[in-house]
Structures are given as C-alpha cells and as structure tokens.
Novice: 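Here it is: the structure, laid out below.
Here the structure is a predicted model, which means the values were calculated and not measured. Numbering of ligands and ligand atoms starts at 1, following listing order. Below, all heavy atoms of this structure are taken into account, side chains as well, without hydrogens, waters or symmetry copies.
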Amino acid sequence: MIRLSGITPSGEMHLGNYLGAVRRWAAESGPEDLYFVSNLHAMTTHHEPATLRRLTRHQLAVMIAAGVPGDAVFVQSDLINEHMALTWLLECTCTFGEARRMVQFKEKSDGRESVRLGLLTYPVLMASDILLHGAAEVPVGNDQNQHVELARTLARRFNANYGDAFVVPRGVLPETAARVRDLTVPEKKMSKSASDVGGIIYVLDEPDTIRRKLRRAVTDGMADVRYAPDEQPGVANLLEIVAACTDTSPTAVADGIDSYRDLKEAAAEAVIAELGPVRERALDLLAGGGELDKIRSAGAERARDRSRDRLANALHLAGVD
Ligand code: AQP
C-alpha cells in the first residue's frame, strides 16, 4: 500500500511542518511510501523564480536531514512531463463546476482582482500527483480533504469511462497530528506564509533565535501553567510543543512547571535539542558536495520508473498513445 504526502515550498520549513508532518514521515515511512516537494503547487499565486528554486532545495534537504528515507523522496517538477500529461487527462475528466466548488479556491481567490487559472485547476494537479503514483492513502488535514475527494471522483470516473487505470485513493486523518500554533497569534496555526516571522520557529533558526522567539511568545495574564487549550491557547501551544519534542503529554509537562518563564525556557531547550541535529545535517547537505543533487536525481528516477506503466496505460486507455 502506497501513502503519498507532500510539502509545498511556499516558505522555509517551520516547526509545525516538522512536528505535524515531516518528523512523522521519517518515523512511519513504509517501504513503498513517497514524499515529495510539491514545487509546482507553489506557483498558483505570485512567486519569485529564484526563491522557489532555493526553497525547493531547502525543503528537500530538511526532509532528508529529518530522516525521511532518500529512496522515498522526489521533487515534483523533476517529473514535470509525467505530472502535466496526467493533469491534462484529469482536467478533461473534471468539470468546471467541480473545480469552482473547491472551498480553498473560493477562499484564496476571494477579493483578488486577478486570479491565476492554476489556482482553480491546482486540485486537479493534486489529483494527478496522487493517481500518478498509485497512492491508496493520502494523509491530509481537514482543509485538504475536499481535494482528495475530488481525486477519488476523478479516479472512479476515469476508470468507468475508459477502463481500469487508477487506484481509488482515500484521505486519512493522521492519528496524532500535532497542530503547532503561531507564537504571537496562538489562535492561528503556524504557517509558512504568515507575515510576522516572530511567531514562527523555522527548522533552520539558530538556537539564540529560537530562544528569543519563545521568550516573546504570547501567553496570558492568568499566571497559571495548566493545559487548557480553549482558555489559554498560548500556554497550551507551548506545552504541546514541549510534549511533542520530549515525547510526553502536555498535562505531564504542565505538572512539572510553575511559571511562564520556566515554561518558555523548557520550550526553548526542547526545541533546540529536537531541531539541532536536523539543522546541522540540513546545512551540510545544502552547503555542498553534490550529495543532495544525487539523492534528488535518484529519487526522480525511481519515481519515474514506478509511475511509467501507470501513465502509459492511462494514455492508452484515453486513446492518446
Ligand atoms: N502549524 C502546523 N502544525 C502542524 N502541521 C502543520 N502543517 C502545516 N502547518 C502545520 C503540515 O505540514 C505539511 C506540509 O504543509 P504544506 O506545505 O502542504 O502546506 P500548509 O499546510 O498550507 O502549510 P503552511 O505552513 O501553512 O504553508 P502556507 O502558509 O503556504 O499555506 C502538511 O501535512 C500540513 O498539514
């Protein structure tokens, strides 16, 4: 059974991406699973080419440094011909009404004067990612589940119209997904595209930067260290971060700490200990030696080999071989 997950290089990898996704990929990866940098998805709104190229490499390096197996990773644009060929087949399987109904399209296009067509069609590109690689399970948060549903619909429709080409995938909610919140706006999740970087801990942040950001984390005026996410979201976020980094529960962390100052210190120590080795290895990979490029091209070759017959069969069934 193949599970497929991706990360979009819309910014540098942060603690939320790491604890909520990438660290799990490293720990739980099965022999057939695939993890990719979805750089084509980063083009649906304004992007800078040089920045996108840099962030694509950055995401790949951090994934490898975090322990995601090298033979399970690839970069989406390294298989651009394959992904685009299947995207076209699926765009000709999807209706305009289906694409327009996607909630994320409505949210992201709302109020904008000019909207890239890719923002409308990107769920079809996501369906092609899933179907090209034969994924049976796609771990996603609630915000992406509608897109996996679309992939299911398109797989079923294509199979019914032309013949058996695709595994019908299903979305699965990760069991213990840590949801890391922004340090300065704890009501919101930590996000690559947030405008205030003070609320975001990046995986490659230096230890002093991590300490500074955590010292400035928003708490509340209750002066009470207990785990109450609804009443004390900032404190709960810090407790969850320590718990995730030290493999315990937020309540157990709260039991051993008396002041917000000590909580912030504990969070800084836990995060620095967790991210330190990943940061070091990622910086090594990014600095040179060609190791990262070798991993990248071997990953692309493997992913291409594994998807070749599936794509050829789909093209044949659709009558365009
Ligand atoms: N704050 C978070 N806590 C836990 N998990 C998170 N993820 C994202 N933010 C958090 C998980 O990281 C994986 C990769 O995310 P993505 O690149 O697909 O996009 P995203 O979810 O939209 O991430 P961001 O950081 O919020 O980016 P922008 O600002 O560009 O939208 C996913 O598994 C995601 O659940």
Side-chain angles (χ1 to χ4, degrees), residues 3-29 33-48 51-52 55-56 58-60 62-63 66 68 73 75-76 102-105 107-109 118-119 122-123 125-126 129-130 135 137-148 151 171-197 199-205 213 217 229 233-234 236-245 250 271 274-275 278:
R3 259 180 314 181
L4 175 92
S5 289
I7 183 157
T8 303
S10 46
E12 294 197 7
M13 195 186 296
H14 56 69
L15 187 67
N17 301 135
Y18 173 78
L19 291 177
V22 174
R23 189 177 72 161
R24 302 166 50 89
W25 300 347
E28 296 168 11
S29 173
D33 295 348
L34 285 167
Y35 302 96
F36 71 111
V37 182
S38 47
N39 54 348
L40 300 175
H41 287 280
M43 299 175 65
T44 56
T45 52
H46 173 78
H47 77 282
E48 296 289 344
T51 307
L52 179 54
L55 290 172
T56 299
H58 160 93
Q59 294 291 356
L60 185 69
V62 180
M63 277 164 68
V68 179
V73 299
V75 172
Q76 189 184 26
M102 294 294 121
V103 173
Q104 277 210 352
F105 172 69
E107 285 173 359
K108 290 191 176 175
S109 60
L119 190 64
Y122 116 85
L125 175 61
M126 180 168 158
D129 302 335
I130 297 168
E137 284 193 355
V138 187
V140 279
N142 284 328
D143 54 337
Q144 289 285 336
N145 208 33
Q146 194 187 22
H147 295 164
V148 181
V172 288
L173 264 183
E175 271 166 36
T176 55
R179 207 79 194 145
V180 180
R181 281 165 278 182
D182 190 290
L183 299 180
T184 52
V185 194
E187 294 73 25
K188 292 199 332 204
K189 77 167 188 133
M190 196 174 277
S191 203
K192 292 186 222 100
S193 51
S195 50
D196 175 12
V197 298
I200 308 173
I201 294 176
Y202 294 104
V203 174
L204 297 193
D205 271 348
K213 287 179 177 174
N237 191 33
L238 296 175
L239 291 168
E240 285 172 9
I241 289 173
V242 180
C245 292
V271 170
E274 177 69 34
L275 295 185
V278 180

Novice: Compare Gly6, Ala194, Ser10 and give the one whose heavy atom is closest to atom 30 (O) of ligand 1.
Specialist: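 When every heavy atom of Gly6, Ala194, Ser10 is considered, Ser10 comes closest to atom 30 (O) of ligand 1.
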
Novice: Heavy-atom contacts under 4.0 Å between Ala21 and ligand 1: side chain, backbone, both, or neither?
Specialist: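 For Ala21, only side-chain atoms sit under 4.0 Å from ligand 1.
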
Novice: Of the listed options (Lys189, Gln144, Lys188), which comes nearest to atom 21 (O) of ligand 1 when hydrogens are ignored and any heavy atom counts?
Specialist: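 Among Lys189, Gln144, Lys188, the closest heavy atom to atom 21 (O) of ligand 1 comes from Lys189.
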
Novice: Would you call Lys108 and Thr45 a side-chain contact if the rule is heavy atoms closer than 4.5 Å?
Specialist: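 In short, these two side chains do not touch, never coming nearer than 4.5 Å.
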
Novice: Closer than 3.5 angstrom, by distance alone: can the side chain of Asn237 be matched with the main-chain N or O of Arg181 as a donor-acceptor pair?
Specialist: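 The answer is yes, because a donor-acceptor pair under 3.5 Å joins these two groups.
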
Novice: Is the closest N or O pair between Ile7 and ligand 1 shorter than 3.5 Å?
Specialist: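 By distance alone, the answer is no.
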
Novice: What class does the angle between the rings of His147 and Tyr122 fall in, given that below 30° is parallel, 30 to 60° is tilted and above 60° is perpendicular?
Specialist: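 His147 and Tyr122: perpendicular rings.
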
Novice: For Ser191, counting its heavy atoms only, list the atoms of ligand 1 lying under 4.0 Å from any of them.
Specialist: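 Here the atoms of ligand 1 in question are 24 (P), 25 (O), 26 (O), 28 (P), 29 (O).
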
Novice: Are side-chain heavy atoms of Val242 and Leu238 found at a separation under 4.5 Å?
Specialist: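 They are not in contact (no side-chain heavy atoms under 4.5 Å apart), so the answer is no.
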
Novice: So does Ile7 get a backbone contact from the side chain of Gln59, meaning a donor-acceptor N/O pair under 3.5 Å?
Specialist: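 No, the answer is negative, given that no donor and acceptor are paired below the 3.5 Å cut-off.
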
Novice: Within the 4.0 Å heavy-atom shell around Gly20, which atoms of ligand 1 are there?
Specialist: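 By the 4.0 Å cutoff, the relevant atoms are 4 (C), 5 (N).
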
Novice: Do you know which two heavy atoms are closest between Gly141 and Leu173, and how far apart they sit?
Specialist: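 Looks like CA-CD2, 4.1 Å.
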
Novice: Report yes if Lys192 has an N/O atom closer than 3.5 Å to an N/O atom of ligand 1; otherwise report no.
Specialist: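 Indeed, backbone or side chain, Lys192 has an N or O that close.
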
Novice: What atoms in ligand 1 come closer than 4.0 Å to a heavy atom of Arg179?
Specialist: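 That gives atoms 3 (N), 4 (C), 5 (N), 6 (C), 35 (O) of ligand 1.
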
Novice: Any atom of ligand 1 sitting under 4.0 Å from a heavy atom of Arg181?
Specialist: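 Contact check Arg181 vs ligand 1: negative.
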
Novice: So between Asn17, Leu19, Leu15, whose heavy atom ends up nearest atom 8 (C) of ligand 1?
Specialist: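 Heavy atom nearest to atom 8 (C) of ligand 1 belongs to Asn17.
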
Novice: Counting heavy atoms only, which of Ser193, Ser5, Gly11 is nearest atom 28 (P) of ligand 1?
Specialist: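 Comparing heavy atoms across Ser193, Ser5, Gly11, the nearest one to atom 28 (P) of ligand 1 lies in Ser193.
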
Novice: Just go through Val180, Asp182, Asn142, Thr8 and tell me whose heavy atom is the nearest to atom 3 (N) of ligand 1.
Specialist: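 Answer by nearest heavy atom: Val180.
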
Novice: Measuring only between side-chain heavy atoms, which start at C-beta, is Thr44 closer than 4.5 Å to Leu125?
Specialist: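 A side-chain contact under 4.5 Å is absent here.
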
Novice: Do side-chain atoms of Lys213 reach the backbone of Ile200 as a donor and acceptor pair under 3.5 angstrom?
Specialist: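 It does hold such a pair.
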
